[in-house]
Visitor: 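Could you have a look at this structure, given as structure tokens, before my questions?
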Amino acid sequence: MAITKREFLQLLGLGVSAFGVQPFITGSAAAQTVDGLPAWAALPAGSNPKTGGKLIYGQTYPNWAVGSSDNGKHPYYWIDLLTRSIWNSLVWIDHDYNVQGELAESWAPSDGTLKVWDFKLREGVMFHNGKEMTSEDVVASFNAHIAQKGSSFITKWFEKVEAQGKYGVRFILNAPYAEWPYALAEYRLAIAPAAAPDLILTDGIGTGPFKLVSVDNRRGFQAVRNENYWMKGRPFIDELEGYVVNSQTAINGFRSGQFNAVFNIDPTTAAQFEGAGGIVHKSKGGDQFLISMPKNLDIAWNDPRVRLAMSLSIDREAINTIVYNDPGSWVGNDTQMSGLNREFVPRDKAFDIATAKKLLAEAGHPNGIDLPPIVFSPSFPEMPRIMAIVVESLKKAGINMDIREMPTDGFDAYVKGVNPPYGRPSAGVVGPRNPAINLGRMVANDVEKGAWTGEKADAYAKLYAETIAEPNEEKRIGMYQELQKILQSDTPAIVLGGRRNMLAHAPGVQNLKSHSQNWSSRFDDVWIES
Amino acid sequence: MLASIARMIGRRLFMAFFILSFTALIVFLGTEVLPGDALTASIPAEELQFYSPEQLAQMRSELGMDRSIPVRFLEVWHQLMTFDFGTTIMKKESVATRIFHPIVNSAIMAGLALVVMLALVIALGVLASLKPGGRLDNAISTTTLFTYSMPDFVVSNVFVIVFAVWLGLVPAVIFAPTNAPKLTILAAAIVPVIALCVHGAAYQFRLLRAGMVEALNSDYVERARLAGIPQWRISVIHALPSALIPMLNATAYFVAGLLATSVVVEAVFKFPGAGGELLRALSQREIPTIQAIAFLAALAVVFANLIADLAILALDPRVRTRSSNG
Amino acid sequence: MANILIDTRRRRLSDLFGSPRLRRALSEPATLIGIILVVAHLLMALLAPIIAPYDTSALVGAPLQRPSWEFLMGTDQIGRDYFSRVVAGGRIALMVSFLGVAISLFVGTILGVVAGYIGGRTDEIVMRIVDSMMSIPDLILIAILTLALGKDVSALIPVVAVVYTWGVVRVVRAKTISLSTLDFVRAAELRGETRLAVMLREIFPNLIGLLGVELAVRISSAVLRISGLSFLGLGISQPTPDWGLMVQEAMGVVFTDPWFLLLPAIMLSSLIIGVNFMVDGLSRAFGIATAELG
């Protein structure tokens, strides 16, 4: 698929989508506005939002980077990952995993090499300090994000960013990357007013719906409505406060009326909120739990049949039912993709103990098998319960494998302290993203791929590089599906299940939704009925 | 006379110096013989994959983690002894600034707990000793044993549910920021302090009661009794001062226990104190912070002990003439 | 220990269980209750695998069921039999505490006797170390050591040992000092026995009652601390049943299913109450003064 720049621009100009330029004009489509708002920001039909009120939320999943800084005004060290209360990024991932323009109005690659990307910025966006946001601020912000290692998903490709007039920026990459815009939606990649490298991003000034009043990044923050928010008429609520609490304190705070919302509730505790009149909102997805298995050591799972047998023995439906009370909801296929990705390819049969036993027998373990322990650190409250279910279901297929909880502190060092760079067998969480990021992990992430080598691994890496350089979206989808089939045929890693992010809110709180990407939650469309 | 007091205080100060140095060593050994290191723990797992080992090694050497252990210990010792707690590992922000308010808040809570507990213990101790083995004594002794046997984390949680969620008397979650006005902190500390007392008063009470019983059996109390002085007066004025001494002798142990329990209580009440800061630092291996908090906790214990020694000196003239026995 | 009652009689091992004293102790209801509770807890910990109707980690039913004949205390959040878990919830903590405290008694007794009997500079050094170690709040010390040694259950044993040794040294030293002045020790010295022999044959037997008290008291204290650590997420972890961990899990459903909190809390409290009642009664009966609590 070679396409010259001239041909490409021609196609663009003609607006023909048959050749797969659809993705490039998606950004432009997002520029359509309704009442001065992007189309994606429209409220549900029939809503009658009220202005005023105060949302005080509890958050059980803090930003783990907080402890490494005292500056709670820096988006990287914001109390939780929900930075869109104060800041905006260029783009936002909506509840259906689509890229939507936030501070960027539209974007397109400048040519078919997919190495140069142009973004058109929204005009008239004001920072909280009264200054207008321009290309200069965006360039300074991204240079800071690169210098401060804001997101691993962009550093690998980023070469430079430059202003193109007052409202345009151009990213120049060191390799083709067809899905570059998606990577810019990360919660850390906030846009802040340009400043000296040691000052930028440190003052809590953004373009977001709320202006920061005070923050104690160990505990909570208070913010008030940004009257000059770029979304006209938003936000609806006057004040926003958030506090980082543990699961029990969240319940106590909600039941005593101190909180009118709690983010990331432990699914088992839903009844404690509902019992006090709370409404629980579940997102369709959330982080997934992945077991990485180093294959460079002499372990029985070096045989792909054993790995497949392990996967087939895990009763994911039990996890869906027992932990999330949500049967039939999550499907996975041992890639970092989930059933919510439209490119997702399911396994033919994901839970099949008979086949698992047969595979084990073929691999020379007719009487079952003992495998080395897997370690994990419980970043979400329900994780220990999920691991307990997995251990029990593996046991039923004759696979004895301990899954051990380890302290969060030093967990990474513990895992990587041996067998570099693959580390010890471990279970971790994987955030749900687009296929380019999801499937790229099995190329770039040493721990997750766990010394996956051989013909299939080589073919996978090669196909992945081709895929993200492929401008035609239809073709890319096919290639992504092909990549998943390669992974399924060799099972280099196993995905145990996926979260449903859940929040609880008081009945008066309207339109507050849990996002599958917890960090992409918004507050500018929420209102409170008195 | 005055010289012997001065000598004793001098000796105590020297011992305090030794104890704190040794504490610094323990804390250093405990935190620096770690299986992992602080650097990798502070980078989110998702992000870490893209740092090369060379990058990490460079960051590590910038942080001074590649030098020899004695050199690092001397540095840590010097820093701790001069209250220069260094900077946090990741962002190089002043640890002292970071933990100042949490430490002050915890000191307020612990101070309030100490006062409340002493008052409670003295009241109970005197009451119980009015008639040793009597109904009141048995009731108090048994009750304190029961309350002592309730785990601090259970008591605290039940307190939150009863006083905050059911009765609505106090907030279930303390919203006060770490740097809130100290009166706000004092008010927020009331329920946690009651929870602390439920668990912590029993130990002191038993020491005091034993001391009271012994003192009340002494000759001079007997003489006072024969002189017709009322029982409560005998208890408070004649027996109590000497009965306080065994309790004061155990001050170090008591204060250390109080600080340990307050870590748990702070966690449950979400009190903005050093306990929460310590737990966070532990989970993130923020070693300078752990070192500073452990050191300050030990300092508080040593200081409380010093005060207790002075109190003993004031209460018991015999001690002044005797050489201190540690 | 401020007020050690001094029993001037030279005691031998066989005297310890002198039956009149034991009978007197058992006649007090609190002591009897204490002993019964402690014995019940020990039996339960030892026999847990036999008593528990189900494997503690097996998923045997729907989650959060109410008590029934099938599941005597219902099922937990993932459908494990709660009765089986409650029964086994003290095993690991007790075992870790027992082994850790046994080590600390061994080391603490040696240090305490040597410091107390030899005195002088040795005593000074030992006691300054003891003062230092006891100045660090035990929970902080445990947390730091857990960081250094890892969170594995077997790593908790040395942690417990390190934390509890110093209190033992203090108590044993005080008792040794008071014993050293007594006639039977003086007599042995005048007979020309070596210091080692005096310590082993004259002093040590007289410490046994005290050490028994120390063992019980420190174990119950360690169990309480370990469960506190587990509650904070620093101690024992899933799927091992542990009362501290169970209290922590139970807090998530406390408004709908309060007995999940009550059961492990009662187990933990009854163990501590039992130990303290027992120790109180027995030490009173045997004249071993103690104000220390577990």
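Just so we're on the same page: letters track the sequence lines, and every chain starts at 1.
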Visitor: Can you tell which part of B:Val255 gets under 4.5 Å to a heavy atom of chain C, answering side chain, backbone, both or neither?
Guide: neither
Visitor: Name the region of C:Ser270, side chain, backbone, both or neither, that has any atom closer than 4.5 Å to a heavy atom of chain B.
Guide: neither
Visitor: Can B:Ile26 and C:Ser132 be said to form a side chain to side chain contact (heavy atoms under 4.5 Å, CB included), step by step?
Guide: CA-CA 9 Å; B:Ile26 296 299; C:Ser132 309; over 6 Å; no
Visitor: In terms of heavy-atom pairs under 4.5 Å with chain C, which of B:Val263, B:Asn157, B:Val264 leads?
Guide: B:Asn157
Visitor: Distance check, rounded to the nearest 0.5 Å: B:Arg206 atom CZ versus C:Asp280 atom CG?
Guide: 4.0 Å
Visitor: Evaluate the side chain to side chain contact (heavy atoms under 4.5 Å, CB included) criterion for residues C:Met134 and B:Asn305: first the C-alpha distance (whole Å), next the side-chain angles of each, then the deciding distance (0.1 Å), finally the verdict.
Guide: CA-CA 11 Å; C:Met134 291 187 72; B:Asn305 215 10; over 6 Å; no
Visitor: Could you check which of B:Ser141, B:Ala16, B:Ala256, B:Ala267 has the highest count of heavy-atom pairs closer than 4.5 Å to chain C?
Guide: B:Ala256
Visitor: Where do C:Ile136 and B:Ala298 come nearest, in terms of heavy atoms and distance?
Guide: CG1-CB, 4.5 Å
Visitor: Sort B:Ala297 into side chain, backbone, both or neither according to what part of it lies under 4.5 angstrom from a heavy atom of chain C.
Guide: both
Visitor: Which heavy atom of C:Ser135 sits nearest a heavy atom of B:Ile19, and at what distance?
Guide: OG-CG2, 3.6 Å
Visitor: Walk me through it: do C:Ile140 and B:Leu259 pass the test side chain to side chain contact (heavy atoms under 4.5 Å, CB included)?
Guide: CA-CA 9 Å; C:Ile140 297 182; B:Leu259 294 181; 5.6 Å; no
Visitor: Considering only heavy atoms, which portion of B:Leu299 lies under 4.5 Å from any heavy atom of chain C: side chain, backbone, both, or neither?
Guide: neither
Visitor: Taking side chain as everything from C-beta outward and backbone as N, CA, C, O, which of these in B:Ser21 sits under 4.5 Å from a heavy atom of chain C? Side chain, backbone, both or neither.
Guide: neither
Visitor: For the residue pair B:Phe153 and C:Phe231, does the interplanar ring angle fall in the parallel (under 30°), tilted (30 to 60°) or perpendicular (over 60°) class?
Guide: parallel
Visitor: Nearest 0.5 angstrom please: C:Leu232 CG to B:Leu282 CG, how far?
Guide: 10.0 Å
Visitor: Counting only non-hydrogen atoms closer than 4.5 Å, does C:Glu124 touch chain B with its backbone (N, CA, C, O), its side chain (CB onward), both, or neither?
Guide: side chain
Visitor: Check step by step if side chain to side chain contact (heavy atoms under 4.5 Å, CB included) holds for C:Leu224 and B:Met150.
Guide: CA-CA 9 Å; C:Leu224 211 51; B:Met150 294 179 202; over 6 Å; no
Visitor: So which heavy atom on C:Ile129 is nearest to which on B:Phe22, and how close?
Guide: CG2-CZ, 3.7 Å
Visitor: Grab the two heavy atoms, one from B:Thr261 and one from C:Arg225, that are nearest each other, plus how far apart they are.
Guide: OG1-NH2, 3.7 Å
Visitor: Search all heavy atoms of C:Ser269 against all heavy atoms of B:Pro151 and return the closest pair with its distance.
Guide: OG-CD, 3.4 Å
Visitor: Atom CD1 of B:Ile161 and atom CG of C:Leu261: how far apart are they, to the nearest 0.5 Å?
Guide: 6.5 Å
Visitor: Tell me, do C:Met251 and B:Val154 make a side-chain contact under 4.5 Å, heavy atoms counted?
Guide: no
